[in-house]
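So the structure is just underneath, and the comments pick up after that.
First the proteins, then the strands, lettered A, B, ... as listed; each starts at 1. Here the structure is a predicted model, which is why all the values come from computation and not from measurement.
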Amino acid sequence: GENVEQHPSTLSVQEGDSAVIKCTYSDSASNYFPWYKQELGKRPQLIIDIRSNVGEKKDQRIAVTLNKTAKHFSLHITETQPEDSAVYFCAATSTSGTYKYIFGTGTRLKVLA
Amino acid sequence: DTGVSQNPRHKITKRGQNVTFRCDPISEHNRLYWYRQTLGQGPEFLTYFQNEAQLEKSRLLSDRFSAERPKGSFSTLEIQRTEQGDSAMYLCASSLGGYTGELFFGEGSRLTVL
């Protein structure tokens, strides 16, 4: 069945450093890959997404890269700030199929001031 | 607030009891999803609707779980004969149809089964 693996499960970085979170998906029909940020006690919120027709997308300090051949995609956060501390989830789905979003297990990012 | 709303926010029940959660999606969204999230894990897919049609249900979901979306508006998730393993946060999310991908999540309904 469909599966999304996410690594690492926890990540601590110094403020100002970069953070990278990696995900691998199994369903080759997947063509949409969103990233969600969930702060403690709050709902997950979309921070960036990428579709399979592009290899990279950037939005200020965050970027996502996609390697369709290897079936993996990554979230890059540069110049990290304390407010970036949260749990980040990757997900994969097919927008031409069932639209079922499969989420990774999450990465708890701690930005140390 | 025009976001996704869920209620109750918290539910404590005894094992064996039935519970029902309600989700009101964003009004123009025709897709509605239910996910379950336990501590330290990502949202686990339960089921989803396009309008009133339930298009997919997780194979992991036992027959004790049922969801409905009458008239394609709000949705209910019922868990019958609750077990301690059902304790989790139940998240509802909605999205527009077509190519738009973003899921908008509610704040969740936390279930504790004693």
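- Taking CD of E44(B) as the reference point, atom CD1 of I102(A) lies at 9.0 Å (rounded to 0.5 Å).
- Residue-level contacts of residues 34-42 of chain B with chain A, in order of numbering, are Y35(B), Q37(B), G40(B), Q41(B), G42(B); threshold 4.5 Å between heavy atoms.
- Crowding of I12(B) atom CD1: a count of heavy atoms from other residues, nucleotides or ligands under 6.0 Å not exceeding 12.
- Atom CD of E68(B) sits in a sparse spot, with 12 or fewer heavy atoms from other residues, nucleotides or ligands closer than 6.0 Å.
- Contact count against chain B (heavy-atom pairs under 4.5 Å) is highest for P44(A) among P34(A), P44(A), G104(A), G41(A).
- No donor-acceptor distance shorter than 3.5 angstrom exists from the side chain of Y99(A) to the backbone of Q50(B), with no hydrogens or angles considered.
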**Request:** Show your working on side-chain contact (heavy atoms from CB on, under 4.5 Å) between F104(B) and L46(A) and close with a plain yes or no.
**Result:** CA-CA 8 Å; F104(B) 292 83; L46(A) 180 73; over 6 Å; no
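- Within a 6.0 Å sphere centred on NZ of K11(B), heavy atoms belonging to other residues, nucleotides or ligands number 12 at most.
- Atoms CZ and CE, on R43(A) and M89(B) in that order, are 11.0 Å from each other to the nearest 0.5 Å.
- By the neighbour-count criterion of 12 heavy atoms within 6.0 Å, atom CD of E83(A) is densely surrounded, having more than that number from other residues, nucleotides or ligands.
- By the 6.0 Å contact criterion, CG on D63(B) is open, its count of non-hydrogen atoms from other residues, nucleotides or ligands being 12 or less.
- There is a path of hydrophobic side-chain contacts, each under 4.5 Å, that joins I47(A) to V54(A).
- F74(B) and F49(B) sit in two unconnected hydrophobic clusters of ILVMFWY residues. Membership requires side-chain heavy atoms under 4.5 Å apart, directly or through other members.
- The environment of CZ in R61(A) is crowded: more than 12 heavy-atom neighbours from other residues, nucleotides or ligands sit within 6.0 Å.
- In L114(B), the CG atom is crowded: over 12 heavy atoms of neighbouring residues, nucleotides or ligands sit closer than 6.0 Å.
- With a 4.5 angstrom heavy-atom cutoff, F45(B) touches chain A only via side-chain atoms.
- Atom CG in L103(B) sits 12.5 Å away from atom CD in Q45(A) (nearest 0.5 Å).
- When heavy atoms are compared at a cutoff of 4.5 Å, Q38(A) approaches chain B solely by way of its side chain, counted from C-beta outward.
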Distance-only check: which donor-acceptor pairs under 3.5 Å involve side-chain atoms of residues 7-25 of chain A, not counting sequence neighbours?
none

